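Keep in mind the model is a prediction, meaning the values are calculated, not measured.
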Amino acid sequence: MIKLCNNLIFAPLAGYTTPPIRHFFSVNGAGLCITEMVSAKAILHNNEKTKALLIVSKKEKIRSAQLFGSDPSDFAKAIAHPWLSEFDIIDINMGCPVKKITSNGEGSQLMADAKKAGDIVEAAAKAAKSVGKVVTVKTRLGIKHKEDILKFAPVLEEAGASMICIHGRTAEQMYSGEADYQMIGKVKTLIKKAVFCANGDIIDKASFERIKMATKADYFMIGRGALYDTQIFNKLLNNNFLSKKDSILELISCLEKFYDGSDTCIMLRKFLPYMLKGVRGGKEFRISMNYCDDINILKKGVNQLF
């Protein structure tokens, strides 16, 4: 695994880990930010929307792109595609539980066929090595049964995964219930060559200490917890961190580097329900911004709110 500046990773989140958001978290403590998942087939078909997701920021010192698919040859060919030339790490999605992904035999559904999953990792790892990249895998405890991961993870390691990241829920659970840190810890004892990453329910220092103690993981991945508290990486690293207001304003600034004012307003709407949770007047402000496309009005509203 490529050495990162710290062991905290911002998880790939569909619709959220866009280029400006990865830029934001790269300067706010995350050791690595992974793109939202992109289709290996879409890369091979030169899909322009997919290309837009693979824009990188100069602040991303180490770069990771997450691919999904079900055909080993698609992964091997995509890794050699020019659109992935700036990425150091290729992460394979074997954890997405959404029906439109699993119905195609992709994402978490690959856990039903360990041989195919291993073939995908092997083909991807071979292709990645030829161009100086490494392959990582993000997966879950199982589709329905948590114990499935105990047989699945060693297959990924043997096939050539440099890092294995386990989200502590089954696909059937989606995002309900609590992440099972004890089961993630059991997987860690089986992994001998790959580095190990734990993911699930890290929302503050207390939960971070719990997952560290239970899993003994090398790296820790944070997804939704970073949407609620965009300074979580800085806080866990004991770095200086921004206030809620300044965090929102900096996020707006990052969005403006990639989008015009109207699109920035639109993009910010999906973050406000997370960022303003518990803020007095936050719900009313969020609702009032639903139809705002003037960036100056948005900024003025943020300053007035706080």
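At least one donor-acceptor pair closer than 3.5 Å links the side chain of Thr35 to the backbone N or O of Gln66. Lys41 places no side-chain N or O within 3.5 Å of a backbone atom of Ala78 that could act as its donor or acceptor partner. The main-chain N or O of Ile143 is never found under 3.5 Å from a side-chain atom of Glu172 such that the two would form a donor-acceptor pair. Using modelled atom types, one side-chain atom of Asn28 and one backbone atom of Phe24 make a donor-acceptor pair closer than 3.5 Å. Thr139 contributes a side-chain N or O that, together with a main-chain N or O of Met94, makes up a donor-acceptor pair within less than 3.5 Å. Using modelled atom types, one side-chain atom of Asn104 and one backbone atom of Lys100 make a donor-acceptor pair closer than 3.5 Å. Panel note: side chain Lys144, backbone Thr170; no donor-acceptor pair is recorded below 3.5 Å.
Residue pairs meeting the salt bridge (charged side-chain N to carboxylate O under 4.0 Å, His left out) criterion with at least one member in residues 178-193, sequence neighbours excluded, are Lys146-Asp180, Glu158-Lys193. Listed by first then second residue, pairs satisfying ring pair (Phe, Tyr, Trp, His ring centres under 6.0 Å) with a partner in residues 184-228 read Phe208-Phe220, Tyr228-Tyr274, not counting sequence neighbours.
Within 6.0 Å of NZ on Lys270 lie more than 12 heavy atoms contributed by other residues, nucleotides or ligands. In Phe241, the CZ atom is not crowded: 12 or fewer heavy atoms of neighbouring residues, nucleotides or ligands sit closer than 6.0 Å. Residue Lys235 places its NZ atom among more than 12 non-hydrogen atoms of other residues, nucleotides or ligands, all under 6.0 Å distant. Within a 6.0 Å radius of NE2 in His145, other residues, nucleotides and ligands contribute 12 heavy atoms or fewer.
Under the side chain to side chain contact (heavy atoms under 4.5 Å, CB included) test applied with Ile92, the options Thr136, Val135, Leu156 reduce to a single match, Val135.
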Begin with the C-alpha distance, continue with both residues' side-chain angles, and end with the deciding distance and a verdict on side chain to side chain donor-acceptor pair (under 3.5 Å) for Ser247 and Gln231.
CA-CA 7 Å; Ser247 220; Gln231 294 301 305; 2.8 Å; yes
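Salt bridge annotation for Lys299-Glu256: present, with a cationic side-chain nitrogen under 4.0 angstrom from a carboxylate oxygen. Ion pairing between a basic and an acidic side chain is recognised when a charged N comes within 4.0 Å of a carboxylate O; Glu209 and Lys212 show such pairing. Ion pairing between a basic and an acidic side chain is recognised when a charged N comes within 4.0 Å of a carboxylate O; Asp88 and Lys61 show no such pairing.
Across every non-hydrogen atom of Cys265 and Asp293, the tightest pair is SG-C, 3.7 Å.
Here the OG atom belonging to Ser176 is positioned 7.0 Å from the CZ atom belonging to Arg169, to the nearest 0.5 angstrom.
The side chain to side chain donor-acceptor pair (under 3.5 Å) test applied to Asn240 returns no partner, not counting sequence neighbours.
Tyr175 carries Arg140 over the face of its six-membered ring, with the cationic atom under 6.0 Å from the centre and within 45° of the normal.
Between Phe25 and Phe10, the ring planes lie tilted relative to each other; the angle falls in the 30° to 60° range.
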